[in-house]
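Data first, discussion second: the structure below is written as structure tokens.
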Amino acid sequence: MMTSHEIRKAFLDFFVSKQHLIVPSAPMVAKNDPTLMFQNSGMAQFKDFFLGNATPPATRIADTQKCLRVSGKHNDLEEVGFDTYHHTMFEMLGNWSFGDYFKTEALHWAYELLTEVYKLPKDRLYVSVFEGDKKDNVPFDQEAFDIWKSILGSDERIIYGNKKDNFWEMGDVGPCGPCSEIHIDLRPEEEIARKPGKDLVNADHPQVVEIWNVVFMQFERRADGSLDVLEDKCIDTGMGFERLCMAIQGKQSNYDTDIFQNTIQVLEEMSGLKYGANGTLSSDNYGDVAMRVVADHIRAVAFAITDGQLPSNNGAGYVIRRILRRAIRYGYSYLNFKEPFMSKLVPVLAKQFKDVFPELKQQEEFVTKVIEEEEKTFLRTLDMGLKRLDQIFENEADKKEIDGKTVFELSDTFGFPVDLTALIAREKGFKVDEAGFKAELAKQKERSRKDATKEAADWFEVNELDNPSYIGYDHQEAVTKLVQYRKVKTKKGEEFHVVLEQTPFYAEMGGQVGDTGVLEFKTPKSEFTLEVVDCQLEAGLHVHIVKKAPFEDISIEDLRAAQVTAKIDKTRHSNIIKNHSATHLMLAALREVLGDHIVQRGSYQNDEVTRFDFSHFSKVTDEELQKVEDIVNTKIRQNIALDERRNVPIDEAMTLGATATFGEKYGDFVRVIIFDPKFSIELCGGNHVPATGEIGLFKFTSEGSVSAGVRRVEAVTGIKALERLREQEAIINELKAVMKSPQDLVASIKALQEEKTALQKKVEALENEKLQNVKLDLLKTVVEKDGAQLISAKVEVANADALKQLTYDLKAKLEKPYVVLGTELNGKPLLAVMIDDSLVSDTLHAGKIVKEAAKEMRGGGGGQPHFATAGGSDVNGLQKAIEKAVSFL
RNA sequence: GGGGGAUUAGCUCAGUUGGCUAGAGCGUUUGACUGGCAGUCAAAAGGUCGCAGGUUCGAUUCCUGUAUCCUCCA
């Protein structure tokens, strides 16, 4: 039997023999395509070639591509594991022709590979051709039909496919064309005798499956819906590797192939459960389902992390977190893993894929650590949720239902997955109020939406100018005109938004805050100055935000004629750009010190500080931070001139080795910021210092964690860094002065602390001793009354605790105490009542006694049946209160 | 950006009409038993109840602000 490794190799070797260039898989995380989070098909990385935006390295290419799908027609994450053939991550084998060969070769080779190399039985194969679509004005694919007929010798295994199954389009416009699929029937003979496989093609049967899709790109869709015939026709094929292996290895399930069996065997050892004990296909056996879920998900997560996507709380990172958590959940619930287990599977995969995807082996340790951290965090979350659930089961034992609000609270506040709640509830015989949950979720969404919206009036157009422009890269001041303004109501009040023809104000973007400054208006009748508190980008416009503006009192003619001088706050701006340029240097230095896995996760620069989040799995040590500081400050001292390049084609920028930030969208032309081409090259639209020397000084102020796998550092630059150092110095100097300039400041403070603790203990001991004397005196005043030993007195103590202590001490010395003690503390009366447990009854209850008695001193109180305290505000009533308390006996 | 929650001993956490000498388990220290290890038993030490205000006779508990962490939504 061919191993999966051999099957993959045979594919690539076959196409090498047909003069194809083999290229490596693109990273699974789509870094340069803003429309995609992950590679979702074999052709995604070649999109630019089909669109004609780039030239392929060869006209014939073949590869295996790592793909990830979690949503779509057949890929709902929640379904994976319940059947035998759906996956989150999968490999797509493909061969491509860019204006080279077309249908004849593509179909002949496909058939040759399947039947000659892989030796798949011919009588189990079916092929489909496009039947045509009148509405779209696309004809029946006669060409493909004829080719297949000549290959197969007859048309009895050819199926006609409709537009949905057999016409392929990349988007609303662009290259498209019919396709031909090859299906295989893997059912046992007796079933085939009962029902011919031809009837089951494209019918979602787990054993009659499509294994290869050959797309003929021969048209181009225009915006008006019409089709043009392409000059350079292309071939785009995709063969699902996991399914192919199932077919060749004669298995009933993708999970029975050696691709997944390594992992599953380890899972069996770890869990002590046997996979497939009740029949492999069973979706009722949750142990089996769980193993499939884990085996599938660990691949997806491990390779996603390898390709640069850490689990996080939004975007692509959240997708990875959800996949990982789903696997942990299944392992936890059905395989009885209560401790991190996913991370232990990474070495299995690293070994299995070391020849085809060596990147996992290279980053084995890192990937393991990230997954383990994430597992620990989530297991803690699960534990908390389970405890809460247990309480709910106890409290609602008679209702047998968990209301929607509680379910929502579990998920919203404690991150406990809704379906897990439902699952556990079912096991306990509880129902879950799903409608109520959905209502709560809708409310939450509404809240978030509502908050996001501000009430904005329509723009009031003053001057019609279609091209407002930003000139801040070259100027800090502009003499210009008012284009439009509007009034906006926010939660905090009212503000005006102003758009100018030209502006030197940078609008917040890429982490750099917006500029502030002034707008000086000169109209024919008046002059006034507006203070700009912020500048934000909206639909490509620089929107200046001002708190007050007299626009409504000025005629439209005068506004139109107004000359506006826009000036940014230069000092603030210069502090901001120091921080921004320093951030670039810092990123480069971090990568140098910590490694290439350092990827920007977020950044923020204002005039005070630069804050930078990046992916890294452990605390950055003080030594590492110092190294980074040293590198950055060295680069500052080298006074490297800014090399700023505008309108660089994105491909050219990437060739330069530019660092692009994941999650940022880039156009075809980008701005590149270079400080020493060997050190820092970044795609960036922000403002920078003309030379690094201007930054002056760079100093970290903090390092910490934002979430698992992400660290946050903050740093200051320039005058702010100096100010900070001075502040610290001032504190130390002041401390020294206060401590009378000791030789070792730290040691003397420690000594002071120790001394203080010792003295405190001494005072306590003395007070206790004093209390003992009071106690002895009081013991002499014991009066027998109704079988109880009564002590009542007004005493002097240091604090409320001492009074408490005294009553307990007295209790210990007496057989059947009834103690009433009062004291005056800070001008307020305090009362304590202690009665023997044997005396406690409905009427003789310390809490009640004290409450009644406290009325005498205008106060209240409470406590336990045998001991209670009360306070009040009238010292003069203390004596009466004591008497009152005594009178209860 | 908005909502919810958490913050109590070295660690993990309990602690409701505001008054319970602020607790448990693990860990630490000491003592006893044992030939030693391990263990068992007994005892002890260890707390600004995140921080700052406020309400109250009295706040770990209620309110406001703030910091940090968790979590959901956008």
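Proteins come first, then strands; the chains are lettered A, B, ... in the order of their sequence lines, and each starts at number 1.
- Comparing rG23(B) with rA43(B), their P atoms are spaced 15 Å from each other, to the whole Å.
- Residue Asn876(A) contributes atom CG, which lies 15 Å from atom C1' of rC57(B) at whole-angstrom precision.
- Distance CZ (Arg321(A)) to C1' (rC72(B)): 12 Å, rounded to an integer number of Å.
- With P as the reference atom, rG27(B) and rC20(B) are 31 Å apart, rounded to whole Å.
- Between Arg858(A) and Glu409(A), the one whose closest nucleotide on RNA chain B sits nearer the 5' end is Glu409(A).
- Of the side-chain N and O atoms in Lys443(A), none sit less than 4.0 angstrom from OP1 or OP2 of rG3(B).
- Within 6.0 Å of the CD atom in Glu796(A), the count of heavy atoms belonging to other residues, nucleotides or ligands does not exceed 12.
- Only the C1' atoms considered, rA22(B) is 8 Å distant from rU60(B), to the nearest whole Å.
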Legend entry - Summary of protein contacts for nucleotides 17-22 of chain B, nucleotide by nucleotide, where a base hit scores B, a sugar-phosphate-only hit scores S (4.0 Å, heavy atoms): --BSB-

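- Residue Lys405(A) contributes atom NZ, which lies 11 Å from atom P of rG5(B) at whole-angstrom precision.
- With C1' as the reference atom, rG5(B) and rG10(B) are 25 Å apart, rounded to whole Å.
- Look at CZ on Arg322(A): it is 13 Å from C1' on rC73(B), rounded to the nearest Å.
- From Arg426(A), atom CZ reaches atom NZ of Lys431(A) across 13.5 Å, with rounding to the nearest 0.5 Å.
- Residue Asp412(A) contributes atom CG, which lies 7 Å from atom C1' of rG3(B) at whole-angstrom precision.
- The closest side-chain heavy-atom distance from Leu810(A) to Leu821(A) is below 4.5 Å.
- Taking atom CZ of Phe416(A) as the reference point, atom C1' of rG4(B) lies 17 Å away to the nearest angstrom.
- At most 12 non-hydrogen atoms from other residues, nucleotides or ligands lie less than 6.0 angstrom from NZ of Lys880(A).
- Between rU55(B) and rU61(B), the two P atoms lie 15 Å apart (nearest whole Å).
- To the nearest whole angstrom, the two C1' atoms, one in rG15(B) and one in rG19(B), are 14 Å apart.
- Note on Lys443(A) versus Glu440(A): salt bridge recorded, some NZ/NE/NH1/NH2 to OD/OE distance being below 4.0 Å.
- Heavy atoms of other residues, nucleotides or ligands lying less than 6.0 angstrom from CD of Glu824(A) number more than 12.
- For the strand RNA chain B, secondary-structure stems (runs of at least three Watson-Crick or G-U pairs, all distances below 3.5 Å) span B:1-7 with B:67-73, B:10-13 with B:23-26, B:28-33 with B:39-44, B:50-54 with B:62-66.
- In this structure, NE2 in His580(A) is found 12.5 Å from CG in Asn606(A), a value given to the nearest 0.5 Å.
- At whole-Å resolution of the value, CG in Leu878(A) and P in rC57(B) are 16 Å apart.
- Panel note: side chain Glu852(A), backbone Lys884(A); no donor-acceptor pair is recorded below 3.5 Å.
- Between rC62(B) and rG18(B), the distance separating the two C1' atoms is 8 Å to the nearest Å.
- Under 3.5 Å, the side chains of Gln805(A) and Asp809(A) contain a donor-acceptor pair of N or O atoms.
- In this model, the phosphate group of rU71(B) is approached by a side-chain N or O of Arg325(A) to a distance below 4.0 Å at OP1 or OP2.
- Remark: the separation of the C1' atoms in rU30(B) and rU16(B) is 39 Å, to the nearest Å.
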